[in-house]
Amino acid sequence: MADLTVNEAAVLAKVSPARIRKALEEGVVQKLRPGRGRRSSAVYVDSSAVLYAAILSRLEFPLPVEKKRQLVRLVKKHGKNRRELERVELAPHLILDASALLGKDVPARAATYERLRDEVIERNPEILGGTPVVRGTRISVYSLLARVEDGESFESIREDYPELDDDRLETAITYARAHPRMGRPGGRPWARS
């Protein structure tokens, strides 16, 4: 399982970062220590947090903390094996079908991102001043995100960048959402007339 920032886990699970932080506060999800290749100021979790948060967001009732911990243990143990994850017994006669709640999109999207993130994204001070780009290009992940948010399709973007397949585009866009640009919102308001 890959190490993800809280924001990456939240974007992949389609939940707010607050949900992941709450799981950290409750001791349901464990914070990983900064290690090789990790920024020391960022908080990291393992990829089981993505599946856990996605399942929990789709439940229509709250779970006690101990049941949340049980769910995380099962996700860690069987996260890659969907059949084992299907039935989680929360209480006698209360079975959670975690696989149905997750659907196929969350685990697939998370697995693709985990596999491709370090291969696709590059941060080099010599390229666009360190702005994250698609490795081997000068294509900013933020420019790709802006095009998608403006309604452009992947097909349209691939016309301009044929070297980018859907998985690489999705990885770059997920990274841009999880790592928003830093700085003053609204740019330079004093320069507006």
Side-chain angles (χ1 to χ4, degrees), residues 1-21 23-24 29-54 79-80 105-193:
M1 295 197 170
D3 300 348
L4 303 168
T5 65
V6 167
N7 284 352
E8 287 173 330
V11 168
L12 289 167
K14 295 185 177 179
V15 300
S16 77
R19 183 164 295 228
I20 305 292
R21 285 192 293 274
L24 284 164
V29 172
Q30 299 302 311
K31 178 180 173 181
L32 300 176
R33 297 173 193 233
R36 198 176 101 215
R38 295 190 206 145
R39 295 186 323 229
S40 62
S41 62
V43 176
Y44 287 85
V45 295
D46 70 34
S47 58
S48 65
V50 174
L51 302 181
Y52 161 77
K80 301 295 181 189
D105 67 319
V106 173
R109 195 173 58 249
T112 300
Y113 183 77
E114 291 170 27
R115 181 174 45 86
L116 292 178
R117 177 189 56 194
D118 296 332
E119 178 184 320
V120 171
I121 307 302
E122 178 178 16
R123 292 185 74 136
N124 182 339
E126 302 293 319
I127 302 171
L128 297 180
T131 299
V133 298
V134 175
R135 188 175 300 280
T137 73
R138 296 180 61 80
I139 305 167
S140 161
V141 297
Y142 303 115
S143 67
L144 294 172
L145 175 61
R147 289 178 72 169
V148 168
E149 287 180 344
D150 284 342
E152 258 189 89
S153 67
F154 278 17
E155 293 80 27
S156 173
I157 295 171
R158 275 199 314 275
E159 287 175 11
D160 293 338
Y161 306 112
E163 66 275 15
L164 299 180
D165 61 16
D166 283 352
D167 288 343
R168 290 181 183 285
L169 275 170
E170 187 66 41
T171 299
I173 291 164
T174 300
Y175 186 89
R177 284 186 174 130
H179 301 275
R181 288 183 185 197
M182 301 301 282
R184 180 184 296 266
R188 302 177 356 199
W190 61 87
R192 293 187 190 132
S193 23

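Hydrogens, waters and symmetry mates are skipped; everything else that's a heavy atom, side chains included, is used. Sequential numbering from 1 along the given sequence is applied to the chain's residues.
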Just to verify, what does [X] make a side chain to side chain contact (heavy atoms under 4.5 Å, CB included) with, not counting sequence neighbours?
| X | result |
| --- | --- |
| Glu155 | Ser153, Arg158 |
| Ala23 | Val28, Val29, Tyr52 |
| Glu152 | Arg147, Ser156, Ile157 |
| Ala54 | Ala13, Arg58, Leu102, Val106 |

side-chain hydrogen bond (donor to acceptor under 3.5 Å, both in side chains) filter on Arg21, not counting sequence neighbours, yields none
Go through the structure and list residues passing side-chain hydrogen bond (donor to acceptor under 3.5 Å, both in side chains) with Glu126, not counting sequence neighbours.
-> none
Pairs meeting criterion side-chain hydrogen bond (donor to acceptor under 3.5 Å, both in side chains) with involvement of residues 133-146, two or more places apart = none
Who passes salt bridge (Lys or Arg N to Asp or Glu O under 4.0 Å) against [X], sequence neighbours left out?
| X | answer |
| --- | --- |
| Asp105 | Arg109 |
| Glu119 | Arg168 |
| Asp118 | none |

Do [X] and [Y] have side chains that approach each other closer than 4.5 Å (heavy atoms only, starting at C-beta)?
| X | Y | value |
| --- | --- | --- |
| Ile139 | Glu163 | yes |
| Val148 | Phe154 | yes |
| Val50 | Glu114 | no |
| Val43 | Ile20 | no |
| Glu170 | Thr112 | no |

Nearest atoms (heavy-atom pairs only) where Ala9 meets Val45 = CB-CG2, 4.0 Å
Starting from the C-alpha separation in whole Å, work towards a yes-or-no answer on side-chain hydrogen bond (donor to acceptor under 3.5 Å, both in side chains) for Asn7 and Thr5.
-> CA-CA 5 Å; Asn7 284 352; Thr5 65; 5.6 Å; no
Salt bridge (charged side-chain N to carboxylate O under 4.0 Å, His left out): pairs with one or both residues in residues 6-15, sequence neighbours excluded | Glu8-Arg117
For the side chain to side chain contact (heavy atoms under 4.5 Å, CB included) test, which of Thr171, Leu144, Leu169, Ile121 pairs with Val134?
-> Leu144
